[in-house]
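See structure below.
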Amino acid sequence: MSDLLLVRHGETEWSRSGRHTGWTDVPLTEHGREEARRLAPLIREHRIGAAFVSPLRRARETAELIGVHDARVDADLREWDYGAYEGITTPEIQRTRPGWFLFTDGVAPGPPEHPGETVEQVGERADRMLAKVDAASADAEGAVLLVAHGHILRVLTARRLGLAPSAGALFQLATGTLCRLGTEHGRPVITAWNIRPTPSP
């Protein structure tokens, strides 16, 4: 099993303000672009055998800025469909649903084209993506890189570790960071999490 590298896209205006950003195709902020550029040297330390990216432009732009120009676009890496909670912050949701938590309470139904997903449905997408990762790692030498979004990558991490999709709640994931999943004694483990370059003195 090859190493699996995970990159969450750089900051957007919505991620900075805590708004749930599923299908809305918001761009990176200039700070988000800088976050991505600063990751490029860390990515170059790895031999990349295959790369996949979410179809949303904040992820695709991040992939370009970290120096990955041939990533395969895959819809299974799109962010959680938040249904009626798209663009709304957690404190706003909790005004009408006290104690609400995405991973256990789910989302309210949205419009027909974006009805919302359960955590189990996001887990099914993560499982499909991991099957593609394993197929790619069998065909190419080096790590497999995924550039995507916070919640889908958290659920995917849980599934890689053999946990329920809701266990993605345990893995806080910041914008513009690199994570690595590897193995120990043949079993999947986290080998690095929320890595950013060391600031220059």
Side-chain angles (χ1 to χ4, degrees), residues 6-40 42-43 53-66 68 71 73-119 121-123 125-126 146-158 165-179 193-199:
L6 311 176
V7 170
R8 183 182 175 193
H9 63 76
E11 179 197 76
T12 68
E13 292 286 354
W14 282 27
S15 69
R16 182 167 61 194
S17 60
R19 298 169 70 181
H20 287 87
T21 318
W23 69 84
T24 306
D25 215 1
V26 294
L28 299 178
T29 61
E30 189 49 49
H31 176 68
R33 294 184 186 98
E34 184 57 27
E35 284 183 317
R37 291 186 194 103
R38 292 182 60 215
L39 281 180
L42 293 182
I43 301 300
V53 64
S54 160
L56 295 169
R57 64 175 169 167
R58 58 192 182 271
R60 289 187 287 109
E61 186 177 7
T62 297
E64 291 287 325
L65 290 170
I66 64 175
V68 178
V73 176
D74 197 300
D76 280 332
L77 282 175
R78 69 189 188 279
E79 183 57 297
W80 197 318
D81 183 340
Y82 299 117
Y85 292 159
E86 181 76 4
I88 301 176
T89 67
T90 293
E92 289 170 332
I93 296 166
Q94 289 176 339
R95 287 176 195 157
T96 55
R97 294 183 67 180
W100 175 84
F101 185 55
L102 174 66
F103 285 94
T104 54
D105 299 319
V107 302
E113 63 274 21
H114 291 290
E117 289 180 291
T118 66
V119 69
Q121 288 171 323
V122 180
R125 286 201 283 117
L146 306 181
V147 183
H149 313 274
H151 283 136
I152 180 62
L153 291 177
R154 291 169 68 173
V155 172
L156 184 142
T157 296
S166 59
L170 301 172
F171 308 112
Q172 189 276 338
L173 184 52
T175 58
T177 56
L178 171 67
C179 303
W193 196 258
N194 273 340
I195 302 303
R196 287 192 171 105
T198 304

Output, in order, the C-alpha distance, side-chain angles, deciding distance and verdict of ring pair (Phe, Tyr, Trp, His ring centres under 6.0 Å) for Phe103 and Trp80. CA-CA 11 Å; Phe103 285 94; Trp80 197 318; 5.5 Å; yes

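- Nearest approach of Arg97 to Gly106, heavy atoms of both residues: NH1-O, 4.0 Å.
- When atom types are taken as modelled, the side chain of Thr177 and the backbone of Ala174 share a donor-acceptor pair closer than 3.5 angstrom.
- Note that CG of Leu170 and OG1 of Thr157 are 11.0 Å apart. Values are rounded to the nearest 0.5 Å.
- Annotation: side chain of Val53 is not in contact with side chain of Leu77 (no heavy-atom distance under 4.5 Å).
- For the residue pair Ser54 and Glu79, no side-chain donor N or O sits within less than 3.5 Å of a side-chain acceptor on the partner.
- Here the CZ-SG distance, from Arg154 to Cys179, works out to 10.5 Å after rounding to the nearest 0.5 Å.
- A distance-only check finds a donor-acceptor pair linking the side chain of Gln94 to the backbone of Trp100 [under 3.5 Å].
- In terms of heavy-atom proximity, Thr62 sits nearest to Arg58 at OG1-O, 2.7 Å.
- A donor-acceptor pair is defined here as one N or O able to donate and one able to accept, closer than 3.5 Å; such a pair exists between the side chain of Gln121 and the backbone of Thr118.
- To the nearest 0.5 Å, atom CD1 of residue Ile43 and atom CG of residue Leu65 are 12.0 Å apart.
- To the nearest 0.5 angstrom, Asp81 atom CG is 8.0 Å from Arg125 atom CZ.
- Considering Leu173, Leu156, Val147 as possible partners of Leu6, the one that fulfils the side chain to side chain contact (heavy atoms under 4.5 Å, CB included) test is Leu156.
- Closest approach of Ala84 to Pro109, counting heavy atoms only: CB-O, 3.1 Å.
- Shown are His149, Glu35, His9, Glu11; of these, the side-chain hydrogen bond (donor to acceptor under 3.5 Å, both in side chains) with Thr175 is made only by Glu35.
- Side-chain atoms of Pro27 and Arg57, non-hydrogen and from C-beta on, do get closer than 4.5 Å to each other.
- Closest approach of Ala126 to Val155, counting heavy atoms only: CB-CG1, 4.2 Å.
- Using a 4.5 Å heavy-atom threshold, the side chains of Thr12 and Arg16 count as separate.
- For Arg78 (side chain) and Ala75 (main-chain N/O), a donor-acceptor pair under 3.5 Å exists by modelled atom type.
- Taking the side chain as every heavy atom from C-beta outward, Leu178 and Ile66 never approach each other to under 4.5 Å.
- Using a 4.5 Å cut-off on side-chain heavy atoms (C-beta onward), Ile93 and Leu102 make no contact.
- Of the N and O atoms on the side chains of Arg19 and Tyr82, not one donor lies less than 3.5 Å from an acceptor on the other residue.
- Considering only heavy atoms from C-beta on, Glu86 stays 4.5 Å or farther from His114 through its side chain.
- Across all non-hydrogen atoms, the minimal contact from Thr21 to Thr24 is CG2-O, 3.7 Å.
- When all heavy atoms of Ala158 and Pro165 are compared, the pair lying nearest together is CB-O, 4.3 Å.
- Proximity of His20 to Thr89: side-chain heavy atoms (C-beta onward) are nowhere separated by under 4.5 Å.
- Side-chain contact between Trp23 and Leu56 is absent, with no heavy atoms from C-beta onward closer than 4.5 Å.
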